[in-house]
Amino acid sequence: MLFLYNSLGRRIMRFYPQENKKVKMYTCGPTVWNYAHLGNLRTFVFYDILRRYLKYKGYTVIHVMNITDVEDRIIEAVRSTGKKLKELTSFYEKELMADLDSLNVEKFEYYPRATEHIGDIVELIKKLMKKGYAYKAPDGSIYFNVSKFKRYGMLSGVRPAELKTGARVSLDHYEKEDVKDFALWKAWDEKDGEIYWDTELGRGRPGWHIECSAMSMKYLGPTLDIHAGGKDLRFPHHENEIAQSEAATGKKFVRFWLHTEFLHIAGEEMHKSKGNYVTLRDKLKEGWDPLTIRYFLISSHYRDPLNLTENALKQAESSRKRLLDFVFRLSSISAEKGNPNINKLVSRLLKEFEKAMDSDLNVPKALSSLFSFVREVNTMIDRGEVGREESDLILGAVRKIDSVLGVIGSWPEKLPESIMVKIRERERARREGKYDLADRIREELLELGVVLEDTQTGTVWKLRSKKENISAQTK
RNA sequence: GGUGGGGUGGCGGAGCGGUUACGCGUGCGCCUGCAGAGCGCAUUAACGUGGGUUCAAAUCCCACCCCCACCUCCA
């Protein structure tokens, strides 16, 4: 049984979808006006873990992540760079997809773009106007009337009456009737340049919140099982999404709201506006393996802050290396016989893993049970108690766990026969004390990226890691 | 002012009423042609401060201190 912390109600609740084995999930995606930073990516990797674990549990997941490709900051970027809207947004969208790919994030089912759903957005706004929840201001913009939606504040606990009309609010130059109201449709302004759509609502563009309501409804229907996003979106974005959606459909919008904590750098939250952000490409340039970054990003619970430091990345790298060494060690085993009790260890591992993940996706705890297992199995290998059959069983379980965590990534269980021949040749040479020959063969294989390590129970082969390759090249 | 999240050993990070989390690092040992990995032991008066409840508190209650945020740009 999976338990998740639901921001709506602020407690851990047993998760089950509306439909038997199908999960409808919507997650807030990026605004593509710049490179995604590691903080954004932390959240996206969390989506991936959630999605992968739901699949592990046997659910079919329909996962939608929006791409916001029209918005204030984008318009500003268009104005300052002189680029076309599409040119700018598709560039950053591609970069994001490449980042997600290198972080081993699976492809989601849909990545709808706001600009490709203007028709759906217009329809939804019309519906809200018809029902009396929205009004057109003198400047032509359309606003949602928060006072009409009685449940406003149910998610964030923000009481409309208590909203402070502080400095930030007064900055808003739109002509809405009440500071709490938010824009559904923003009327064209000459600063917007060529960025507008001529619709029944007039010339303009969608507000920031409406695309999520329109697109989630289109792909998933009126009620979502899960909606996730960064904790900063809880208010106002998600609160507004609830208002718009429920006002339009009259149905519950989201059953489970999940919010991720922030990535910190130097003790502060990472924000583009603070200028303290780091991108994945920055870290890759420094020589980090993307899966080390992934390991780091999932190494603390998603609802706890995580601090980015050089030392934390080093620790992640070493920890992950231990897992890689483990799978290579197992892949190198050739002995026939082993200890049949390994069955019990393996089923205990999977049970512990699931227990940890069932508890609101406790990845650190899941990793802990994996490492305990690694130590126990290593001891058994030392004792010669693991044969081919057992190692296959263990590798199967490790692969199963990594189908969720995705930090080990793919590795070959076998090497080409031509290389295996060399390895056996070297082992013979070692046995006969011909160390010069043995070392020469080892060097030769190292050139091909194969590292050989001798143990009591045989020679282990592994593939040289990316970082080792880089440092080897720079030497 | 309102709301939320934190403060755990050298570091990262679980636990949230009663046994060693786990990982990284460091030291010593075993193993070892070299290299590397693995295993063992140690690093353990670890739980922000002060009270309280309890046979028992890192975990519950009260007060306080500090940190990071949100309150209409933000994952």
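The figures that follow rest on heavy atoms only: side chains count, while hydrogens, waters and symmetry mates do not. Order of the sequence lines sets the chain letters (A, B, ...), proteins ahead of strands, with each chain counted from 1.
- Residue contacts for A:G39: at a heavy-atom cut-off of 4.0 Å it reaches a base atom on one of the strands shown.
- The side chain of A:E261 approaches B:rG5 more closely than any other nucleotide in the set B:rC39, B:rG5, B:rC24.
- A donor-acceptor contact closer than 3.5 angstrom is absent between the side chains of A:E241 and A:S213.
- Closest approach to the A:P364 side chain among B:rA14, B:rC73, B:rA69 is made by B:rA14 (side chain taken as heavy atoms from C-beta onward).
- Phosphate contact (OP1/OP2 of B:rA35, side-chain N/O of A:R442, threshold under 4.0 Å): absent.
- In this structure, the side chain of A:S80 engages the main chain of A:E76 through a donor-acceptor pair within 3.5 Å.
- Contact annotation for A:I381: no contact, since no heavy-atom pair falls under 4.0 Å across all strands.
- Closest approach to the A:Y47 side chain among B:rA75, B:rG40, B:rG33 is made by B:rA75 (side chain taken as heavy atoms from C-beta onward).
- A straight line from OH of A:Y295 to P of B:rC22 spans 13 Å, rounded to a whole angstrom.
- In this structure B:rC47 sits in no base pair that meets the Watson-Crick or G-U test at under 3.5 Å.
- A:D304 comes within contact range of the sugar-phosphate backbone alone, with a heavy-atom separation under 4.0 Å but no base atom that close.
- The phosphate of B:rG15 has OP1 or OP2 within less than 4.0 Å of a side-chain N or O from A:N362.
- The partner of B:rG23, taking Watson-Crick or G-U wobble pairs whose two distances both stay under 3.5 Å, is B:rC11.
- Between B:rG36 and A:K462, no contact under 4.0 Å exists linking OP1 or OP2 to a side-chain N or O.
- A side-chain N or O of A:T68 and one of A:N66 form a donor-acceptor pair less than 3.5 Å apart.
- Considering only the side chain of A:R375, B:rG40 comes nearest among B:rG40, B:rA14, B:rC24.
- Here the separation of B:rC55 from B:rU43, taken at their C1' atoms, is 32 Å to the nearest Å.
- At a cut-off of 3.5 Å, with distance as the only test, a side-chain donor of A:Y152 or A:N240 sits close to an acceptor on the other residue.
- Between B:rG27 and B:rC67, the two P atoms lie 36 Å apart (nearest whole Å).
- A salt bridge links A:D382 to A:R329: one of the charged nitrogens lies within less than 4.0 Å of a carboxylate oxygen.
- Looking only at atom types and distance, the side chain of A:R320 has no donor-acceptor partner in the side chain of A:S299 under 3.5 Å away.
- Of the side-chain N and O atoms in A:R464, none sit less than 4.0 angstrom from OP1 or OP2 of B:rG36.
- Counting to the nearest Å, the C1' atom of B:rG38 and the NZ atom of A:K321 are 11 Å from each other.
- Put simply, CG on A:D72 is 15 Å from P on B:rU72, counting in whole angstrom units.
- Distance A:L8 CG to B:rG4 P: 15 Å, rounded to the nearest Å.
- Nucleotides B:rG7 and B:rC30 place their C1' atoms 40 Å apart, quoted to the nearest Å.
- Rounded to the nearest Å, the gap between the C1' atom of B:rG52 and that of B:rC11 is 34 Å.
- Of the candidates B:rA75, B:rG25, B:rU72, B:rG25 carries the atom nearest the A:S318 side chain, counting heavy atoms from C-beta on.
- B:rG29 is paired with B:rC39 under the criterion used here, namely a Watson-Crick or G-U wobble arrangement in which both key atom distances are under 3.5 Å.
- With B:rU3, B:rU72, B:rA75 as the choices, the nucleotide that has an atom nearest any side-chain atom of A:T43 turns out to be B:rA75.
- Residue A:R303 places none of its side-chain N or O atoms closer than 4.0 Å to OP1 or OP2 of B:rG4.
- Applying the 4.0 Å criterion to OP1 and OP2 of B:rA75, one finds that A:T27 has every side-chain N and O outside that range.
- The listed nucleotides are B:rG15, B:rG40, B:rG6; the one nearest the side chain of A:K365 is B:rG15.
- For an aromatic pair to be called close, the ring centres must be under 6.0 Å apart, and A:H259 with A:H238 satisfies this.
- Nucleotide B:rC70 is matched to B:rG2 when pairs are restricted to Watson-Crick or G-U wobble geometry with both distances under 3.5 angstrom.
- Side-chain atoms of A:R329 lie closest to B:rG38 of the nucleotides B:rC73, B:rC39, B:rG38.
- Separation of the C1' atoms belonging to B:rA46 and B:rU53 is 24 Å when rounded to the nearest angstrom.
- Distance from the side chain of A:S319 is smallest to B:rC24 among B:rC24, B:rA37, B:rA35.
- Judged purely by distance below 3.5 Å, without hydrogens or angles, the side chains of A:S359 and A:N362 never pair a donor atom with an acceptor atom.
- One P atom belongs to B:rC47, the other to B:rC62, and the distance between them is 22 Å to the nearest Å.
- If you take atom P in B:rU8 and the same atom in B:rA14, they sit 11 Å apart, rounded to whole Å.
- As rounded to the nearest Å, B:rC61 and B:rG4 have P atoms that lie 15 Å from one another.
- In the interface, the side chain of A:Q456 is not paired with the base of B:rC31 through any donor and acceptor atom under 3.5 Å apart.
- Nucleotide B:rC71 holds its P atom 12 Å from the OH atom of A:Y152, rounded to whole Å.
- Interface remark: the A:N311 side chain does not form any donor-acceptor pair with the B:rC24 base, using a distance-only criterion of under 3.5 Å.
- Straight-line distance from the CD1 atom of A:I293 to the P atom of B:rA75: 20 Å, rounded to whole Å.
- Spacing between atom CG of A:N276 and atom P of B:rA75 amounts to 13 Å, rounded to whole angstrom units.
- Listed pair A:N378 / B:rC39 meets the phosphate criterion, a side-chain N or O lying under 4.0 Å from OP1 or OP2.
- The cationic atom of A:R281 (NZ for Lys, CZ for Arg) lies less than 6.0 Å from the six-membered ring centre of A:Y35 and within 45° of the ring axis.
- Taking only side-chain atoms of A:F371, from C-beta outward, the nucleotide of B:rG13, B:rG23, B:rA35 with the closest atom is B:rG23.
- Between A:N307 and A:V374, the residue anchored closer to the 5' end of RNA chain B is A:N307, taking for each the nucleotide with the nearest heavy atom.
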